[in-house]
Amino acid sequence: MDELIPYLPYLAPYLLVSFSLSIIALVHVLKHRSFRFGNVFLWVVIVLLLQIIGPIGYFLVGKEEDV
């Protein structure tokens, strides 16, 4: 455990951003049912398993444009 302490200033912000993006993307996926491609199950799996890349990918590629 002591070997993680020097990395904590770098690790904590990454975990906070990753967790926040995942929660925001997951809530958006579950509330909105229209996507550019894929379905709800696919985007839930992508958002939860691909950590920071999944939510960013959802907002860039999967999210349907709001009119």
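Quick note: numbers below take in every heavy atom, side chains included, and nothing from hydrogens, waters or symmetry partners.
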Atom pair CG (L16) and CG (L21), whose distance is rounded to the nearest 0.5 Å: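 One gets 9.5 Å once the value is rounded to the nearest 0.5 Å.
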Within-4.5 Å side-chain heavy-atom neighbours: L4 and L8: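 The answer is no; the side chains never approach within 4.5 Å.
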Which atom of G38 lies closest to which atom of L42, heavy atoms considered: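 For G38 versus L42, the nearest heavy atoms are CA-CD2, 3.6 Å.
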Are Y14 and F19 linked, directly or through intermediate hydrophobic residues, by side-chain heavy-atom contacts shorter than 4.5 Å (ILVMFWY only)?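 Looking at the clustering, Y14 is in a separate group from F19.
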ILVMFWY network linking L30 to V61, side-chain heavy atoms under 4.5 angstrom: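 Both belong to a single hydrophobic cluster.
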Could you pull out all donor-acceptor pairs under 3.5 Å where a side-chain atom in residues 43-60 meets a protein atom, sequence neighbours excluded?
residue	atom	partner	partner atom	Å
W43	NE1	F37	O	2.9
Y58	OH	H28	ND1	2.6

